[in-house]
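Heads up: the structure comes next, in C-alpha cells.
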Amino acid sequence: MLPLVAGAMFWSCGCSMPEENKKDDGKPSEEQTPPVEDKDLAKTWTTSFDKSYDLKTASLEYGKAASMSPKIVRFTDETYQTVDGFGLAVTQASCYNLLKMSADDRTKVLKELFSPTEGAGSSLIRVCIGGSDFSMDEFTCCDTKGIENFAIHQLDKDYLFPVLDEIYAINPDVQIIGSPWSCPRWMKMNVDGTGAYNSWTSGRLNPLYYDDYATYFVKWIQAMEARGYKIKAVTLQNEPLNHGNSMSLYMPWQDQRDFLAVIGPAFEKAGITTEIILFDHNYNYDGQGDQYRYPVQIYGTPAGKYAAGSGWHNYGGSVSELDAIYSAYPDKGIWFTEASIGTWNYDYNKFGGQFDEDMREIFFGTLKRGGKGVTLWNMMLDVDRKPYRPGGCSTCYGALNIGKSYTYGSVEKYSHWYDVVHCSLVVKPGAVRIGTSGYTAKGVTYLAFRNPDGSYGVLLLNEGSSEEQFVFAGSARSVTLSVPAKSVVSLLWTDK
C-alpha cells in the first residue's frame, strides 16, 4: 500500500493579487483539495504554471507491465546518487513569524510541510550556526573570548528551539545542515592577515584559533544532538567569498583547506559523524579567478579526505558548473544549499515563470548532476519581508509569506514552497536515483527514484505547450499519466 498524503492539508489557491494588496481576513480563498482515497492506487500531484492546477491530487489505476504503448518508459539497472531530501531554511526570522501564529495555525503550516503522513514529508532543513542576516541580532555561540565560554545563545533558545521541537514532533527523521555566517569576532584577523578584526562583516579566521573554532563546531553539534536534532552536515562557512553580508567571513579555499585539516581530526576524536560540506557559495566563485573550482582545489589535498562534498548557491553563474565538479570527483556529494526569491526576480502575478526556473535549474539541474539534496532560503517572512538585519537582504521573500493577522489563512505560498513540496512528496530520504529508457517528449524532462520502501517516485517537468502522456512500467505493472502543458507532476507508485 502506498503511503498516503492527505490532500486536505493543501490549500488550492488561485489568487493572483500580491499578498500586501489582499484583504487579510484570515480565510482561504478557495476550498481545499479533496482527500486522496485510501486505496492501492498510484498518486499524482500537479501544479501548472498558471495555477489552474494547484497541487491537484489524483489517483490512477494500475495496468499491466507488458503495455504495448509507444509512450512507455522503463527503469534500467543504472543507479546514481542517494538523496537526503528537500527543505527550507529555518532561520530565526522564520521562527519569529511562526511563533506569532496561534499554536493550531502553526501546527497546520508545519504539518503541511513536514508530516510524512499528513503533508509533504520534507526531510532536510538548513539552520544557521549563530546569527545571520535573518536573525534577531548578530551573535555567535561564543562571543566572550575563550572557547570555554561556548554556550547556545539565548536567541536560539527563544526562537529556533521551540520551532525545531515542533518540527521534530511532527517528523523525527528531519536532518539539518548547519552553516555559520561568521566565527566569533575574537577569532578574526584582517583579510590581509595582519592584526585583529573586530567586526561582524568580513574579516578572516586567524590560524591561531583553528583549534578553538574546530572545538566550537564540535560543541555546537553535541549541543544540538543532545536535544534530539539530527545534524546531517555542516558547511564551514556560508558564502566564504562574500565580504559584504551583515555577518560574514572571508575564507578562501586555501584557508578552508587548512581549517579542514584541523576540524576533520577534531570530529574523529570527538566521535562526530556529521559530514563536512565545503564551499557553500555561487557557481561563478563571485568572479574571483584565483578561487576557481574552489572545492576541487581542496579535494586533491590530504585534507580533502575529510570532506563529504560541496554546497552551492545560484546567485551567480550556471548550474552547469556542477558538471565539472561531479566529473572530477564523482565520489564527493553535491548539495544545493541556498537560493532566494525576492523583488528582483519574483512576481506573484507571474508565479509560473519562477516555478519553472526553480524546478529546471535548481531541482532537476542539481539532481541530474549527482545532487543529494536541496535547501532553499527563508521558510517564512512577513508581507514586509521582515524581520531582517541592517545590511542584510531587505528585498527577499520567504517560501511562505504571512499576513499581518498571523493566521493560517493569511499565509501565501510562493514558488519555493511548491518546489520543496513537489519533490518531497515522492522522493523520500534515502531514495536512489535510477536510470530510465524509452519514450521522451519535446519539452518534457523527468527523473526517476526508488524509495527505501520499494515505491517509485517520478518528477516530471513539462515546459512545452501541449499535454503529453507517459506510461511508466515496472516488472509487474504499469501506470499511465498525462502531464499538462507547462506544469510539474509528481508521481508515486509501487510495482507490486
Side-chain angles (χ1 to χ4, degrees), residues 87-101 103 106 109-110 113-114 124-172 174-187 200 212-239 245-249 270 272 274 280 337-338 375 377-382 386-393 398:
L88 302 163
V90 182
T91 58
Q92 279 191 4
S94 298
C95 296
Y96 171 87
N97 287 308
L98 285 163
L99 291 170
K100 288 181 76 69
M101 304 178 77
R106 183 169 59 252
V109 169
L110 295 178
L113 189 59
F114 292 105
L124 189 67
I125 60 177
R126 189 167 179 236
V127 166
C128 307
I129 304 176
S132 73
D133 47 331
F134 283 93
S135 57
M136 306 311 293
D137 200 354
E138 288 79 31
F139 67 92
T140 71
C141 299
C142 195
D143 289 331
T144 300
K145 186 173 183 179
I147 196 60
E148 68 275 10
N149 295 308
F150 178 95
I152 295 296
H153 199 278
Q154 188 63 43
L155 287 173
D156 275 341
K157 296 177 182 179
D158 291 343
Y159 292 98
L160 178 63
F161 286 1
V163 173
L164 287 184
D165 287 346
E166 290 193 43
I167 290 171
Y168 273 83
I170 293 167
N171 185 351
V174 165
Q175 297 187 94
I176 292 172
I177 295 176
S179 299
W181 265 238
S182 175
C183 65
R185 286 179 292 180
W186 56 270
M187 296 184 185
W200 289 119
D212 283 347
Y213 200 35
T215 301
Y216 178 98
F217 276 86
V218 168
K219 286 179 174 290
W220 183 82
I221 293 168
Q222 290 173 335
M224 296 292 281
E225 291 188 337
R227 290 189 58 89
Y229 310 143
K230 298 179 180 179
I231 310 303
K232 166 68 179 178
V234 293
T235 72
L236 299 182
Q237 173 59 37
N238 171 70
E239 298 188 351
N245 207 342
S246 56
M247 286 186 69
S248 49
L249 180 77
I272 298 290
T274 297
D280 200 10
T337 48
E338 184 183 316
T375 58
W377 200 209
N378 286 286
M379 178 182 169
M380 178 183 280
L381 295 177
D382 70 16
K386 292 179 178 179
Y388 54 81
R389 298 303 303 156
C393 180

Partners meeting side-chain hydrogen bond (donor to acceptor under 3.5 Å, both in side chains) with Asn97 (sequence neighbours left out): none
Provide the closest heavy-atom pair for Gly131 versus Cys128 in the form atom of the first, atom of the second, distance. O-CB, 4.4 Å
Which pair of heavy atoms, one from Met380 and one from Val109, lies closest together, and at what distance? CE-CG1, 4.3 Å
Please find the pair of heavy atoms, one from Lys145 and one from Asn149, that lie closest to each other, and give the distance. O-ND2, 2.8 Å
Counting C-beta onward and ignoring hydrogens, is there a side-chain heavy-atom pair between Trp181 and Arg389 closer than 4.5 Å? no
Counting only pairs under 3.5 Å, give me each side-chain donor-acceptor contact of residues 214-223, with atom names and distances, residues two or more places apart or in other chains.
unit_1	atom_1	unit_2	atom_2	d
Thr215	OG1	Asp211	O	3.0
Tyr216	OH	Cys141	N	3.0

Would you find a donor on one side and an acceptor on the other, under 3.5 Å apart, between the side chain of Trp186 and the backbone of Cys142? yes
Please table the atom pairs, donor to acceptor, closer than 3.5 Å between any side-chain atom in residues 159-170 and protein atoms at least two apart or in another chain.
unit_1	atom_1	unit_2	atom_2	d
Asp165	OD1	Arg227	NH2	3.3
Asp165	OD1	Tyr229	OH	2.6
Asp165	OD2	Arg227	NH2	2.9
Glu166	OE1	Arg106	NE	3.3
Glu166	OE2	Arg106	NE	2.8
Glu166	OE2	Arg106	NH2	3.1
Tyr168	OH	Val174	O	2.7
Tyr168	OH	Lys230	N	3.0

Please identify each residue that fulfils side-chain hydrogen bond (donor to acceptor under 3.5 Å, both in side chains) with Glu338, with sequence neighbours left out. Arg126, Tyr315
Pair Leu98, Met379 - check side chain to side chain contact (heavy atoms under 4.5 Å, CB included), show working. CA-CA 10 Å; Leu98 285 163; Met379 178 182 169; 4.2 Å; yes
Heavy-atom nearest pair, Met247 first then Ser182, reads CE-CB, 3.8 Å
How long is the straight-line distance from CZ of Phe150 back to CG of Asp143, given to the nearest 0.5 Å? 11.0 Å
Is the backbone N or O of Asn238 less than 3.5 Å from a side-chain atom of Ser179, with the two atoms forming a donor-acceptor pair by type? no
Thr375 side chain to Thr337 backbone, donor-acceptor under 3.5 Å: yes
In Å and rounded to the nearest 0.5 Å, what is the CD1 to CD distance from Ile129 to Gln237? 9.5 Å
Between the OG1 atom in Thr91 and the CD1 atom in Ile125, the distance rounded to the nearest 0.5 Å is 10.5 Å
Looking at every non-hydrogen atom in both residues, tell me the closest pair between Lys157 and Ile152 and how far apart they are. CE-O, 3.6 Å
Tell me, please, which residues at least two apart from Glu225 pass side-chain hydrogen bond (donor to acceptor under 3.5 Å, both in side chains). none
How long is the gap from CG on Asp212 to CD on Glu148, to the nearest 0.5 Å? 8.0 Å
Of all heavy-atom pairs linking Ser94 and Ala89, the shortest is OG-O, 3.7 Å
Do Met224 and Asp156 make a side-chain contact, defined as non-hydrogen atoms from C-beta onward lying under 4.5 Å apart? no
Sequence-distant partners of Asn245, side-chain hydrogen bond (donor to acceptor under 3.5 Å, both in side chains), two or more places apart: none
CH2-CG distance between Trp200 and Asp133, expressed to the nearest 0.5 angstrom: 13.5 Å
Are more than 12 heavy atoms, taken from residues, nucleotides or ligands other than Tyr96, located less than 6.0 Å from that residue's OH atom? no
When you compare the side chain of Thr140 with that of Cys183, does any pair of heavy atoms fall below 4.5 Å? no
Rounded to the nearest 0.5 Å, the CG atom of Asn171 sits from the CG atom of Leu110 at a distance of 11.0 Å
